[in-house]
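Report on one structure; see the data block that follows.
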Number of protein chains: 2
Amino acid sequence: MTTRPRAGRRPGGSGTREAILDAARRRFAELGYDRTTLRGIAADAGVDVALVSHYFGPKQRLFAQAASLPFDPALVLPGLLDGPREDIGRRLARHVLETLDSPTGRRRMTGLIRAAASERQAADEIRERVSRELLVPLAEGLGAPDAPLRASLAGSQIVGLVMARHVVGLEPLTESASGVLVDAVAPVLQHYLTGTLAP
Amino acid sequence: MTTRPRAGRRPGGSGTREAILDAARRRFAELGYDRTTLRGIAADAGVDVALVSHYFGPKQRLFAQAASLPFDPALVLPGLLDGPREDIGRRLARHVLETLDSPTGRRRMTGLIRAAASERQAADEIRERVSRELLVPLAEGLGAPDAPLRASLAGSQIVGLVMARHVVGLEPLTESASGVLVDAVAPVLQHYLTGTLAP
DNA sequence: GAATCAATTCAACACGTGATGATTCTGCAT
DNA sequence: ATGCAGAATCATCACGTGTTGAATTGATTC
């Protein structure tokens, strides 16, 4: 009874905080930064608006906490770089499209992209995070001198695919099975990561 | 004096309408749909806010008029499809990167992409227009049965490149000369348009 | 049972937005 | 000179936003 931290109600006992964060993730992903309102988030979470600000401070800070990468780079990158180098494009393509098949994975990716497109400040933060946690380690794993450019080109194809398939909703892509797209995109990623870039 | 259309001041005599449209294009491209305000547009054009609504009606209709393709498909497509088929990827890549080198071309492309990412309704309209005016004709020119998928895949790479290079601002891409990127992207577009998609 | 502290809600502010209708200004035709 | 249509502005509305501070509720500890 001596080291009891504090008196009063248990903090975070009701899980409301998590409910708000979940609702925020969903709305940011579906609507982007601007069109997401604190009131909408609060309604989804079933709480009052003021509680959102009370827990997370201003909207920007809430977004920073809600926008996280759809996977853990530390878990994914070794699996990519360890296997045979001639297969890295296909492994990457498969991983991306598997992520897109899961609702939460898809939601997080579209959320990042929508936010990056709509808010300059969000774009800056996302660029830094993706670059630091994903592209730079990938480039270092590749080892080539032009590896940063290679990793960025691969990233551009991935972003474009998500954008065209899930944000804009281009029909031939939305109706294609993941397997078909893996087959189509894999050689492209392989080209960017290990092929000859100059003709 | 009988067939004179109407009396009164010449319509559009002062060029203000065009000034408003130009300002709208610039702001939509830089800020996206939501963060672009009619007041900002009016300030740029040096007129009162009400004049914007007076000329173009509601914001959505203004956007529809401001968001135009950065080039005329009727002029570009023949040049793409007429040449040798083994070169179509390179010609397309060069055309895209040349467009991106011009400030107005770049502005229009980023504008379309920012708007598509931020507003569902804008995304719908842009998808329809790009599909109808660009992808379908391109697919018909290709003639293959899976041409719509091919054209969409090529489109996804182009969108991703613009997104990564000019919206997010990934450094290795922003600092690469157009020529380098043409060399890197051309074989990819060639693969999508004429290569074998299944392994 | 009383005190305490966090969780939660209530109520309201200050602000910027898109939109509208009335009003003034200006150049051309009569 | 006069009338008038269109260009341009003024003043204002109704609304939704993010944010803030006070008030309320409920569980926990003394």
Side-chain angles (χ1 to χ4, degrees), chain A residues 1-24 27-28 30-67 115 118-122, chain B residues 1-24 27-28 30-67 115 118-122:
Chain A
M1 318 304 161
T2 59
T3 52
R4 264 284 156 78
R6 288 251 180 113
R9 195 183 191 176
R10 297 258 179 65
S14 62
T16 321
R17 200 191 154 92
E18 296 307 314
I20 294 176
L21 205 56
D22 272 13
R27 288 191 100 98
F28 278 130
E30 272 179 40
L31 304 171
Y33 183 88
D34 291 304
R35 299 180 70 83
T36 295
T37 75
L38 297 187
R39 284 177 168 79
I41 293 172
D44 277 10
V47 298
D48 190 272
V49 205
L51 202 56
V52 181
S53 299
H54 172 65
Y55 274 134
F56 298 96
K59 190 182 181 183
Q60 263 184 11
R61 205 168 306 167
L62 169 62
F63 172 77
Q65 294 206 43
S118 68
E119 244 243 322
R120 200 173 210 87
Q121 211 160 354
Chain B
M1 317 308 160
T2 60
T3 53
R4 265 285 156 78
R6 287 253 180 111
R9 194 182 193 177
R10 298 258 178 66
S14 61
T16 323
R17 199 190 155 91
E18 296 309 313
I20 294 175
L21 206 55
D22 273 12
R27 287 191 100 98
F28 278 130
E30 272 179 39
L31 305 170
Y33 183 88
D34 291 304
R35 298 179 73 82
T36 295
T37 76
L38 297 188
R39 284 176 168 78
I41 293 171
D44 277 9
V47 298
D48 190 272
V49 205
L51 202 56
V52 181
S53 299
H54 172 64
Y55 273 133
F56 298 94
K59 188 181 181 183
Q60 264 184 14
R61 205 168 307 165
L62 170 62
F63 172 76
Q65 295 206 44
S118 68
E119 244 245 323
R120 198 174 213 87
Q121 212 158 352

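The chains referred to below are lettered A, B, ... by the order of the sequence lines, with proteins before strands, and numbering in each begins at 1. Remember, it's a predicted structure, so these values are computed and weren't measured experimentally.
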Exercise for review: May I ask you to check if Arg61(A) and Tyr55(A) form a cation-pi contact, with NZ or CZ under 6.0 angstrom from the six-membered ring centre and within 45° of the axis?
Suggested key: no
**Study point:** Listed partners of Asp48(B) passing salt bridge (charged side-chain N to carboxylate O under 4.0 Å, His left out), at least two apart
**Key:** none
Point to revise | For Arg27(B), salt bridge (charged side-chain N to carboxylate O under 4.0 Å, His left out) partners two or more places apart | key: Asp44(B)
Practice item. Rounded off to whole Å, could you give me the CZ-to-C1' distance for the Arg35(B) and dG16(D) pair? Key: 16 Å
Practice item. Provide, to the nearest angstrom, the distance between the CG atom belonging to Asp34(A) and the C1' atom belonging to dT17(C). Key: 13 Å
Practice item. Mind listing the residues from residues 56-64 of chain B sitting with a heavy atom below 4.0 Å of DNA chain C? Number order is fine. Key: Pro58(B), Lys59(B)
Check your understanding: So Phe63(B) and Phe28(B), would you call those rings parallel, tilted or perpendicular, with 30° and 60° as cut-offs?
Key -> perpendicular
Study note, to complete from the structure: Scanning both residues in full, the closest heavy-atom pair of Lys59(B) with Asp34(B) reads NZ-O, 3.7 Å
Exercise for review: Determine the minimum heavy-atom distance between Ala23(A) and Ala45(A), stating which atoms define it.
Suggested key: CB-N, 4.2 Å
Point to revise | Strand-adjacent residues in residues 38-45 of chain A, judged by heavy atoms under 4.0 Å from DNA chain D | key: Leu38(A), Arg39(A)
**Study point:** For Gln60(B), side chain to side chain donor-acceptor pair (under 3.5 Å) partners two or more places apart
**Key:** Gln121(B)
Point to revise | Leu21(B) side chain near Leu62(B) side chain, heavy-atom distance below 4.5 Å | key: yes
Review point. Are OP1 or OP2 of dA7(D) and a side-chain N or O of Thr16(B) less than 4.0 angstrom apart?
Key: no
Filtered N/O pairs between nucleotides 9-11 of chain D and protein, under 3.5 Å:
residue, atom, partner, partner atom, Å
dT9(D), OP2, Asp48(B), N, 2.8

Point to revise | Point-to-point distance, once rounded to the nearest 0.5 Å, from CD1 of Ile20(B) to CD1 of Ile41(B) | key: 9.0 Å
